[in-house]
Amino acid sequence: MNDIKTIIADAIKDLFNEQVSVELTRPDPQFGDFSCNVALQLAKKMANPPAGGPREIAQSLAAKIVEDDKVASAEAAGPGFINITLRDQALWRLANEKPNKYLDGQTIVAEYSDPNPFKVLHAGHLYTSVVGDAIANLLENAGAKVHRVNFGGDVGLHAAKSMWAIIKELGEESPEKLEAVDESQRPDWLASRYIEGNEAYENDDTAKSEIILLNKKIYSLHAENDHDADFAKIYWTTRQWSYDYFDGFYASIGSHFDKYYPESETAQIGLDEVKSHIPDVFQESDGAVIFDGEKFGLHTRVFINSEGLPTYETKDVGLSILKKQDYDFDRSIIMTGNEQDQYMEVVLKAIEQFAPDLSRATTHISHGIVKLQGGVKMSSRKGNFLKAVDVLSSAKDANQQQNGSSDQQISLGAVKYAFLKHRIGGDIIYDPENSVSIHGNSGPYLQYAHARARSILEKSANEPSNPDSEEFDELERTLVQKLSEFSEVIERSSLDLAPHYICTYLYELSQTFNRFYEGSKVIGDDREKLRLGLVSRYGDVLQSGLKLLGIQAPNKV
RNA sequence: GCACCGGUAGCUCAGUGGAUUAGAGCACUUGUCUUCGGAACAAGGGGUCGUAGGUUCGAAUCCUACCCGGUGUACCA
């Protein structure tokens, strides 16, 4: 693709001695392989454009471009577009192009999922785990060294609520009693404690003040690095249960993290940093330390509360510094729910005041809420929300019911694809039945399409050939043309941090293949070897595309 | 109030300032096909791209105002 751009850029230089950034688009296939609007740009730019305007510029460029031996035809069209058709061999080479490693040598930290210890993973955590992982894959594929990290609150009111209920449940501060909780029950047991603690906090004033005290106790436990007191033992043990539960969950969806950053580890660093920038960046106000975002058209937010405790803002400052220390990244990507959009703007603006490079290297992306199709009522009662495992099991059930399949790769692929196929940002309406459907734009459909392609290759007695010197017929060429888009799609997808481009592309590709397959006999045809070559490349593209999305593509379904 | 995000077919959603006719899937109508895995292919109906202006050779896309929905707006995360 860059070859083609160079051909056009050279032609522009030769004919008009101008420099224009050449952008290629993929037009409707009937118009050619590529389309280019440089003539329209040039006409604007030139001091003395030709009398025929952009149309004439396009014509003379087309005549020049077509001289290149990669190009079969180039024609001026419409108000001044140039439609370019490649020679078949050049198109086939493009269809086999390796991904552009434009991020070679770069280090990127991707932070997502971010669940809190002591609490339950909900549907939103599942969503960001899936989408964050796909983005990390894309960046890795472009050559970057990517570190996946996870930030969560192991201190704070929710932890105190849990600890309060844990101790109540145990009857006393005796850590050995925790052994009675079976390993498999630990996540649910902790979830129940959080619900109890939360309820007590809201409805029982005595409990509430006890919990507030526990909150401070947890902070000081960290400050003193206490691992010996009974209270500390209970805290550290149950906290570890949470991390074990997270690890198990991520493994079950085929994902992993390099590192967990607990808030307890970022709080002090953030606190020191914030304090060192009073009053130049942060100011004291009503006993708290704030950042006056209004100077920048943003909100003012509290970084250290009037009790001297760091807020989430300060912990995020600490996290940024820590991530930079740990990985010396070129770029940092943070994915959260979109309710944090304006919050994050303030934090990044504050960081910009004392560490502009750090702020500039950070990209925040955010997503909406995951809802179930049909709008299952979310009760306001605590603990009754859409859990990550609920989403997975609804897919499993739907797969069983609709397809009679208990294949986890299928139901997991269905969920991932259903999340990934939408542009990041809006709410996701998840429909289990739709997601596992073998008709239409779904994960299982593509997994099946891949298996079917592999099956053709296996069934044939011949080896695929590399059709480098032959001409394609119409259906073959349409397929190769679509295959040739793959490397562009994944590059654009990683540039825009938009995995959904890949979903759209893979589905379109499979439709193109089905049309080819409907009209072209493969096994037993004179052109069998050549066509096997196309089927083989198609299978590879489907598999590597799905792999980038974090979806398995087995050879047999 | 102010700010941010969204509003595209009955539903769920794509859509890079470009090209006749704004696209998919699901759902609906009809056809092909005794199937190299038909989990297919072909054709059709269905649209004031929230509304009104503006910029542009060209706007779903950019700008302005407004309407609707969601979220955020000082010591939660």
Side-chain angles (χ1 to χ4, degrees), chain A residues 23-28 30-31 35 37 40 43-44 53-54 77-81 83 114 116 119 151-153 156-158 263 285-294 297-313 315-316 336-343 345-346 366 368-369 373 403 418 421-423 425-431 433-435 437-442 444-449 451-460 492 496 500-501 503-505 507-508 510-511 513-525 528 531 535 556-557:
Chain A
E23 294 303 328
L24 292 175
T25 54
R26 291 284 189 162
D28 191 304
Q30 61 175 308
F31 296 124
S35 180
N37 67 356
L40 293 156
K44 266 188 188 163
F81 296 102
N83 290 326
D114 293 354
N116 287 330
K119 291 176 77 171
F151 179 48
L157 213 49
H158 69 279
E263 280 178 19
S285 169
D286 292 342
V289 176
I290 60 151
F291 174 72
D292 181 9
E294 274 153 56
L298 304 171
H299 297 133
T300 291
R301 300 198 64 111
V302 171
F303 278 62
I304 303 174
N305 70 22
S306 47
E307 294 194 45
L309 292 177
T311 59
Y312 191 53
E313 286 81 344
K315 293 166 187 171
D316 247 329
T336 71
N338 52 22
E339 72 281 355
Q340 291 189 22
D341 281 350
Q342 291 173 87
Y343 155 83
E345 253 191 285
V346 175
S366 69
I369 299 163
Q373 173 72 336
N403 308 328
K421 75 175 177 178
H422 300 314
R423 176 172 40 87
D427 290 349
I428 300 286
I429 313 290
Y430 176 69
D431 181 350
E433 276 150 41
N434 214 317
S435 78
S437 170
I438 48 198
H439 303 279
N441 190 359
S442 74
Y445 173 89
L446 292 174
Q447 288 171 316
Y448 179 77
R452 196 168 68 148
R454 296 300 181 204
S455 152
I456 297 163
L457 295 170
E458 197 177 316
K459 189 165 180 178
S460 167
R492 202 160 54 87
D496 293 359
H500 76 283
Y501 294 161
C503 297
T504 305
Y505 168 74
Y507 185 65
E508 285 171 2
S510 67
Q511 285 179 311
F513 179 81
N514 286 336
R515 269 172 223 134
F516 157 80
Y517 195 56
E518 188 74 14
S520 314
K521 199 160 173 49
V522 175
I523 295 176
D525 193 90
E528 176 170 340
R531 286 178 181 169
V535 175
K556 287 195 168 59
V557 174

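Small disclaimer: the values here were computed from a predicted structure and weren't measured. Proteins get letters first, then strands, A, B, ... in listed order; numbering begins at 1 in each.
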Short side-chain N/O contact from [X] to OP1 or OP2 of [N], under 4.0 Å:
| X | N | result |
| --- | --- | --- |
| A:Asn514 | B:A40 | no |
| A:Arg515 | B:A40 | no |
| A:Gln511 | B:A40 | no |

For the side chain of [X], starting at C-beta, report the closest nucleotide among [options].
| X | options | value |
| --- | --- | --- |
| A:Ser306 | B:C75, B:C26, B:A77 | B:C75 |
| A:Glu339 | B:C75, B:G72, B:A40 | B:G72 |
| A:Ala451 | B:G37, B:A39, B:C36 | B:G37 |

I want to know whether A:Phe513 and A:Phe516 have ring centres closer than 6.0 Å. yes
List the residues meeting salt bridge (Lys or Arg N to Asp or Glu O under 4.0 Å) with [X], not counting sequence neighbours, and say none if there are none.
| X | value |
| --- | --- |
| A:Glu307 | A:Lys216 |
| A:Glu458 | A:Lys556 |
| A:Glu339 | none |

So what does [X] touch, heavy atoms closer than 4.0 Å: a base, only the sugar-phosphate, or nothing?
| X | value |
| --- | --- |
| A:Ser455 | base |
| A:Leu309 | nothing |
| A:Tyr448 | base |
| A:Leu157 | nothing |
| A:Lys459 | sugar-phosphate |
| A:Asp114 | nothing |
| A:Glu263 | sugar-phosphate |

May I ask you to verify whether the side chain of [X] and the base of [N] hold a donor-acceptor pair under 3.5 Å?
| X | N | answer |
| --- | --- | --- |
| A:Tyr507 | B:G25 | no |
| A:Ser35 | B:A19 | yes |
| A:Ser285 | B:A74 | yes |
| A:Asn83 | B:A19 | yes |

[atom1] spacing across the pair [N] / [M], given as an integer number of angstrom:
| N | M | atom1 | answer |
| --- | --- | --- | --- |
| B:A59 | B:G15 | C1' | 13 Å |
| B:U8 | B:C68 | C1' | 15 Å |
| B:G47 | B:A40 | C1' | 28 Å |
| B:A14 | B:A9 | C1' | 13 Å |
| B:C4 | B:C62 | P | 14 Å |
| B:U21 | B:A60 | C1' | 16 Å |

Which residues pass the ring pair (Phe, Tyr, Trp, His ring centres under 6.0 Å) test with A:Tyr343, sequence neighbours left out? A:Tyr312
Along nucleotides 4-17 of chain B, 5' to 3', which nucleotides get a B, which get an S, and which get a -, given that the test is a protein heavy-atom distance under 4.0 Å? S------SSSSSB-
Annotated structure of RNA chain B as dot-bracket, pair cut-off 3.5 Å, Watson-Crick or G-U only, | for inter-strand, is (((((((..((((....[....)))).(((((.......))))).....(((((..]....))))))))))))....
Calculate the interatomic distance between A:Glu518 atom CD and B:U32 atom C1'; express it in whole Å. 8 Å
